[in-house]
There are 2 protein chains.
Amino acid sequence: MQLDDRKVKILQAIIDDFIFSAEPVGSRTLAKKYNLGISSATIRNEMADLEEMGYLDQPHTSAGRVPSDKAYRLYVDKLMKVRNAQNLDAEYFKKFFKTRLSQVEQVIYHTAKILSEITKYTSMVVAPQLKSTVIKHIQLVHVDRQLALLVIATSSGILKDTLIAIPEDIDSDSLHKISIILNDLYAGKTFDDIDLEDLKEFQKTIFRSGALFDSLMDALAQSLKQKEEKEIYLEGATNILHLPEYQDLVKAKTFLNLLEEKDLLYTMLTSTEVDGVSVSIGRENPFAELRDYSIVSATYRIGDKVLGSIGIIGPTRMEYSKTVSTMDFMAKALSQYLTSLYGK
Amino acid sequence: MQLDDRKVKILQAIIDDFIFSAEPVGSRTLAKKYNLGISSATIRNEMADLEEMGYLDQPHTSAGRVPSDKAYRLYVDKLMKVRNAQNLDAEYFKKFFKTRLSQVEQVIYHTAKILSEITKYTSMVVAPQLKSTVIKHIQLVHVDRQLALLVIATSSGILKDTLIAIPEDIDSDSLHKISIILNDLYAGKTFDDIDLEDLKEFQKTIFRSGALFDSLMDALAQSLKQKEEKEIYLEGATNILHLPEYQDLVKAKTFLNLLEEKDLLYTMLTSTEVDGVSVSIGRENPFAELRDYSIVSATYRIGDKVLGSIGIIGPTRMEYSKTVSTMDFMAKALSQYLTSLYGK
DNA sequence: GTTAGCACTCACCGGCATAGAGTGCTAACA
DNA sequence: TGTTAGCACTCTATGCCGGTGAGTGCTAAC
């Protein structure tokens, strides 16, 4: 069977209507509401065809039709007009740029917040990954008698700092010396490349003082090799409770439980490193748990380097047009902002 | 009317049963389940008395009785036996102390997490407030050609660091000099005491270079005077969805919406600076929005200085005994831990 | 003072009929 | 040959009804 013009028009109308109303769409409603120039009976015939072709589902015999994942895919790829996000929700973006945030984590967090507020879905943001970034500079700063701050600057501009305990009898000069050594050893390497054996070797041959430096080295080692958790921020988790499909408590709970599976979401979000916005609809998702949801995601960068991803998750009945354009804009805005702060 | 021994015993049984089952308790059930040595008819008479005295409510005529806020208050003050938290959930605490967390924020966050996991309610943690802490030490650290890290150590041991943009032609020595000046100006003062005019004055008289330092000073001023948000962490927001009273979607939503009111919760949590654990039940709460919930809270400290508060929020039908003892233990453990890290 | 007994109340549940939205099919029409 | 009006049919949602059971208050006897 052919997906001719008229079928597409009808399908589009059904999708539009369903995205708006969340109610199965009937032929009569369609004929009345949209000026298609054909009767409900004709629409019925076409709808039967569309169902046969896999674009529509029927919850039960005497209900209207509902778009399938395949229909949404067609919609996202061909039918929808991506709006210009800059004009929409301008106030949010203004707010975003007004607040001057210097720490990368804050910017990321802020982005997640705004994304969830604009889209009304749940936003997910993967924080910058350090393991493959190059260390540019390491410095130990004396903070207190027993505390020092280990500051590691990376080539992507991200700063990682950790407070570490130090023996009381180390002075600033010693810390400075150690900083130089650390730089010699690790500057230019990635976090993954760090070999702590180097450090131990070094400690043995150079610092005769032995036990004195032990605790310091331990702390350093721990900080440098600290297992990086799969960090993912979620915002607006309860947004979906306002959507009609989650008025069913069981469905709402299922969704909220899904959000606890940070690992899954993390994997999902980091597995697509496509350029631009990527949309994964229902059963297209690689994970069974996600088959009732759609995920819209994009990567953000500093310069050319991909740092992490942002995304939103919601029902397959999603406002794709608005969501995709928002995502597109936010990813670009975020990249631009981070690049202006830390790039080069 | 007198609240004699038998009435108390019956009340206790009702509260225990209701906390466990969430179902209104009837006289027959009570007589059967608890060995009170009296018949259901007698219990009925006593229950009528207890209702008259304000300790019991009746959802409708043909239902059992439910404890009132007044009953819970009596229960918390007199009846319940506070269990020893150390024995309960020992594995959590072990986990808590095993993970070595050096940043205060991390410790706080971790505490919230664990609290919500143990109590199965929603935990709230107010992060340490800086405004009234004394600045011990300020330091500017050169990180990059255009970036420096402003590190401020406070007397409570909390470290605040902010990345700031600096003109390219400032070298480490200059930063060091400025650090000394900053220390002279602000060490020993609280964040509230900071007067930026001092800094501007200083800049005019000492640094003739003018425009060169402008951006630096601006950044500094901004960092130092940065509006401190009312930071409150929430964890386990969706825990309550497992409780029978929130199977009603409207109630669940009301609760989740309440959690969005961070300001309210913040005020609630910071207003009680009592020593030890404080319990606020239903209508005792100063805010109307909270009249259906109970809040158990405590403060945490470094040494003698109160830093912030931790608390949990849940239905008035709460496992007070477990919750109070957990809270007591956590507050003490947290204080002890922070003091050992940063105290003195 | 305690308790057995009883009439009464009220939420809850399953069954049933009805309304309404929507469908597929047929036959007539342009 | 495609389109449409009409109609019988399907299925869900809603509301009504009566029975059931848990629980109560009251009374009278112990």
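Within every chain, numbering begins at 1; the chains are lettered A, B, ... in the order of the sequence lines, protein sequences first and strands thereafter.
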Inset, instruction - Determine whether the side chains of B/Tyr34 and B/Asp17 contain a donor N or O and an acceptor N or O closer than 3.5 Å. - result: yes
Inset, instruction - Give a yes or no on whether A/Lys9 atom NZ has more than 12 heavy-atom contacts from other residues, nucleotides or ligands under 6.0 Å away. - result: no
Legend entry - Nearest-Å distance for atom pair NE2/C1', residues B/His60 and D/dG21: 11 Å
Legend entry - Contact state string [nucleotides 13-30 of chain C, B base, S sugar-phosphate only, - no protein heavy atom under 4.0 Å]: --------BSBB------
Inset, instruction - Please list, chain by chain and in numerical order, all residues satisfying ring pair (Phe, Tyr, Trp, His ring centres under 6.0 Å) with B/Tyr320, sequence neighbours excluded. - result: B/Tyr72
Inset, instruction - Taking Watson-Crick and G-U wobble pairs with both distances under 3.5 Å, convert DNA chain D into its dot-bracket string, 5' to 3', dots for unpaired and | for cross-strand pairs. - result: ||||||||||||||||||||||||||||||
Inset, instruction - Starting at atom CZ of A/Arg6, determine the distance to atom P of D/dT4, rounded to an integer number of angstrom. - result: 8 Å
Legend entry - Interatomic distance, B/Asp4 CG vs C/dG1 C1' [rounded to whole Å]: 12 Å
Inset, instruction - Could you tell me the separation between the CG atom of A/Asp49 and the C1' atom of D/dG2, rounded to a whole number of Å? - result: 13 Å
Inset, instruction - Give a yes/no answer on whether the side chain of A/Thr42 brings an N or O atom under 4.0 Å of OP1 or OP2 in D/dT3. - result: no
Inset, instruction - May I ask you to check whether B/Ser68 and B/Asp57 show a side-chain donor-acceptor distance below 3.5 Å? - result: no
Legend entry - Those residues that, when tested against B/Tyr246, pass ring pair (Phe, Tyr, Trp, His ring centres under 6.0 Å) (two or more places apart): B/Phe255
Legend entry - Distance, rounded to the nearest Å, where B/Ile43 contributes CD1 and D/dG23 contributes C1': 13 Å
Legend entry - Nearest-Å distance for atom pair CG/C1', residues B/Leu36 and C/dT2: 15 Å
Inset, instruction - Sequence neighbours left out, what passes salt bridge (Lys or Arg N to Asp or Glu O under 4.0 Å) with B/Asp5? Give chain and number order. - result: none
Inset, instruction - Ignoring hydrogens and angles, state whether a donor on the side chain of B/Thr326 or B/Thr323 is under 3.5 Å from an acceptor on the partner side chain. - result: no
Inset, instruction - Examine the side chains of B/Asn285 and B/Ser280 and answer whether a donor and an acceptor come within less than 3.5 Å of each other. - result: yes
Inset, instruction - For B/Arg317, check salt bridge (Lys or Arg N to Asp or Glu O under 4.0 Å) against everything at least two apart and list the hits. - result: B/Glu245
Inset, instruction - Let me know the distance between CD1 of A/Ile38 and C1' of D/dA5, rounded to the nearest Å. - result: 15 Å
